[in-house]
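Below is one structure, written out as structure tokens; comments come after it.
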Amino acid sequence: MIDLAQLRREPEFVKAALARRGVSHETVDAIVELDSEHRRLLQEAEGLRAQVKDLSRQVGEARRAKADDVAGSLSTTSREVGERERLASAALDAVAETLRAQLLMIPNLPSPEVPDGADESANVEVRRWWVGIENGAEFPTFMAHQRVAHWETASDLGILDLEAGAKLAGSMFPLYRGDGSRLLRALSFFALDRHRDAYEEIRPPSVALTETMMSTGHLPKSADDMYEIPRDGLWMIPTAEVPLTSMNRGEILDESMLPIRLTALTPCFRREAGAAGRDTRGLLRVHEFDKVELFAYCTPAQAEAAHADILARAEGLLRELGLTYRVLELCAGDLGTSSARTIDLEVYSPGVDRWLEVSSVSWFRDFQARRANVRFRSSEGTQFVHTVNGSALAWARVWAALVETYRQPDGTVTLPQVLAPYFGDVTIRPRP
RNA sequence: GGAGGGAUGACAGAGCGGACGAAUGUACCGGUCUUGAAAACCGGCGUGGGCUUGCCCACCGUGGGUUCAAAUCCCACUCCCUCCGCCA
């Protein structure tokens with residue numbers, strides 16, 4: 001949620017910032033208008049309520065003074081004022097509800113350093129990385145045996161069974177088996193171990209209440225992108241960001257507790273409604289995947305470092321895995337609803353010759369904290385925390401890139417050594 | 001799923017129609033005392049909102065209702081605890 005006080009203080013600045021991500025001036029003006037109407041009604045209703053309270057006090061005094069006739073007439077007056085107060089409050093509630101609904105649809109202000117642009121084509125590539133680049137190595141030349149799509153290799157090796165997944169849950173719900181399943185588990189354990197030094201591991205529920213989804217900004221805007229369980233008022237989480245951001249919902253933290261850094265391995269569920277028919281082969285786009293998320297509540301002053309730390313950890317994992325990747329700064333038009341700044345990591349997948357998004361590291365400023373009402377107490381008073389988060393990493397596509405990058409001429413896969421302690425071995429051979 | 005008990009400030013815990021935004025204790029912050037600290041004593045100490053910045057309004061799990069007036073009475077719901085049932 002954007003800051004209404006800021007909107008009142010500097011409406012032109014807010015409008016200009018939101019225009020960068022496609023929000024019209026009219027939309028913002030409508031909110032300014034509603035806000036002033038809201039305040040007008042608020043004053044009216046509160047004035048009447050103050051009268052009722054004062055009259056009621058006098059009724060009590062009159063009763064105690066045994067002046068029953070006075071008490072009776074005061075009661076009558078109070079009842080009349082109360083009736084007017086009820087009407088004013090009803091009008092107030094209606095305006096407040098409209099204002100709230102419109103405010104919830106407004107995305108966050110992009111950070112000044114975010115580049116202009118309407119969609120992903122305007123994202124800015126910050127850097128690329130591959131094994132040996134520090135020593136001047138050129139972009140890797142991938143061999144013919146690496147130019148095989150992961151779904152083919154996986155099928156040959158019997159480590160991914162998309163048909164079985166489709167039979168159970170429909171297409172784009174992958175079923176991993178044998179070494180494929182073991183690899184997935186190895187990746188998660190590997191990542192969680194790498195974050196243990198600074199991030200507390202959490203295992204949250206995989207479903208969340210509507211209210212919880214509101215806090216991160218996934219509702220009301222992205223309802224179509226999520227799986228809903230209407231009977232219980234629940235939604236399948238699209239990312240661990242959802243539960244982690246709401247862990248301290250409604251609380252006032254002490255500044256000394258910050259930053260609070262959390263990590264969680266969860267399944268992530270996405271309907272991918274807007275992407276029907278696109279990138280449907282193999283693991284390019286799936287409805288369910290495992291992801292290790294990094295998250296922090298911090299002070300505004302800590303936010304930049306916290307964001308950088310998450311990015312460094314996500315990149316660090318890709319480097320340890322020896323994968324080729326690039327770093328993108330998202331343009332204003334491609335930012336998620338709640339984000340002020342986002343940096344994506346895309347891994348290069350030689351078999352399909354594509355860059356695949358495997359991490360999104362975002363800084364939300366106080367946008368989510370305002371919705372979730374998470375604050376901290378400091379010497380300068382109570383203020384909203386900043387939230388930052390990022391994947392480190394989302395495994396389905398990493399799994400695909402590993403299978404392609406490390407495919408050997410004989411069709412087996414030799415995994416990087418860092419996974420040996422977790423995988424038990426480094427070789428994936430055909431399932432007998 | 002059934003029966004009972006509970007939810008109040010950072011924490012503990014009173015209040016059960018009117019002077020209650022809320023006793024008391026602890027914690028915390030300031031002061032007195034002290035060489036310093038502790039103890040003792042004194043004072044302060046919730047959050048949000050509105051505007052005429054001094055006042056007003058809201059908040060005692062959540063949402064409704066009764067009343068001139070609700071933390072307090074009524075209804076529904078949520079969560080926690082105890083017992084029974086069921087269950088991995």
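In what follows, every chain begins at residue 1, and chains take the letters A, B, ... in the order their sequences are listed. Hydrogens, waters and symmetry mates are skipped; everything else that's a heavy atom, side chains included, is used. This structure is a prediction, so every number in the text was calculated from the model and none was measured.
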Write down the distance between [atom1] ([X]) and [atom2] ([N]), rounded to a whole number of angstrom.
X	N	atom1	atom2	result
R249(A)	U78(B)	CZ	C1'	13 Å
E211(A)	C79(B)	CD	C1'	13 Å
R100(A)	G48(B)	CZ	C1'	16 Å
L209(A)	U62(B)	CG	P	16 Å
E251(A)	G48(B)	CD	P	15 Å
E255(A)	A10(B)	CD	P	18 Å
D232(A)	U78(B)	CG	P	11 Å
L48(A)	C68(B)	CG	P	17 Å

**Request:** Specify whether F173(A) and Y227(A) have parallel, tilted or perpendicular ring planes, treating 30° as the upper limit for parallel and 60° as the lower limit for perpendicular.
**Result:**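 If you compare the ring of F173(A) with that of Y227(A), the planes turn out tilted.
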**Request:** Return the orientation label for the W363(A) and H386(A) ring planes: parallel under 30°, perpendicular over 60°, tilted otherwise.
**Result:**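 Rings of W363(A) and H386(A): tilted, 30 to 60°.
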**Asked** Got a sec, which residues hit side chain to side chain donor-acceptor pair (under 3.5 Å) with Q43(A), two or more places apart in sequence or on another chain?
**Response** none
**Item:** Touch class at under 4.0 angstrom, heavy-atom based, for R64(A) against every strand present
**Value:**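 Base contact.
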**Request:** Quick one: label R40(A) by what it contacts on the DNA or RNA (base, sugar-phosphate, nothing), any heavy atom closer than 4.0 Å.
**Result:** nothing
**Prompt:** Within 45° of the axis and under 6.0 Å from the centre of the six-membered ring of F423(A), does NZ or CZ of R182(A) qualify?
**Reply:**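 So R182(A) does make the cation-pi contact.
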For [N], give the paired nucleotide (Watson-Crick: N1-N3 plus N6-O4 or O6-N4; G-U: N1-O2 and O6-N3; both under 3.5 Å), or none.
N	result
G9(B)	none
G17(B)	none
A70(B)	none
G4(B)	C81(B)
C59(B)	G46(B)
A88(B)	none
C41(B)	G31(B)

Quote, to the nearest angstrom, the [atom1] distance that separates [N] from [M].
N	M	atom1	result
A71(B)	U66(B)	P	16 Å
G43(B)	G4(B)	P	48 Å
G21(B)	U35(B)	P	46 Å
G46(B)	C42(B)	C1'	23 Å
C80(B)	C73(B)	C1'	24 Å
G2(B)	G9(B)	C1'	36 Å
G30(B)	U82(B)	C1'	45 Å
A22(B)	C74(B)	P	25 Å

[X]/[Y] ion pair, N-O < 4.0 Å:
X	Y	result
D334(A)	R21(A)	no
K15(A)	E12(A)	yes
R397(A)	E346(A)	no
D366(A)	R375(A)	no

**Prompt:** In residues 74-95 of chain A, which ones come under 4.0 Å of RNA chain B, going by heavy atoms?
**Reply:**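 By residue number: S75(A), S78(A), R79(A).
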**Request:** Let me know, please, whether V52(A) or G60(A) comes out on the 5' side of the other along RNA chain B by nearest nucleotide.
**Result:** G60(A)
**Asked** Of R377(A) and V59(A), whose nearest nucleotide on RNA chain B comes first from the 5' end?
**Response** R377(A)
Given [X], which partner from the list [options] fulfils the side-chain contact (heavy atoms from CB on, under 4.5 Å) test?
X	options	value
L187(A)	L265(A), L321(A), V292(A), D290(A)	L321(A)
L48(A)	E83(A), K53(A), E85(A)	E85(A)
H150(A)	I159(A), L402(A), L284(A), T405(A)	L284(A)

**Prompt:** Under 6.0 Å between ring centres, would you say that holds for W399(A) and F289(A)?
**Reply:** no
**Fill in**
Reading nucleotides 49-59 of chain B from 5' to 3' and marking B where a protein heavy atom lies under 4.0 Å of the base, S where only the sugar-phosphate is that close, and - otherwise, the string is BSS----SBS-
**Request:** Report yes if at least one side-chain N or O of R63(A) is closer than 4.0 Å to OP1 or OP2 of C68(B); otherwise report no.
**Result:** no
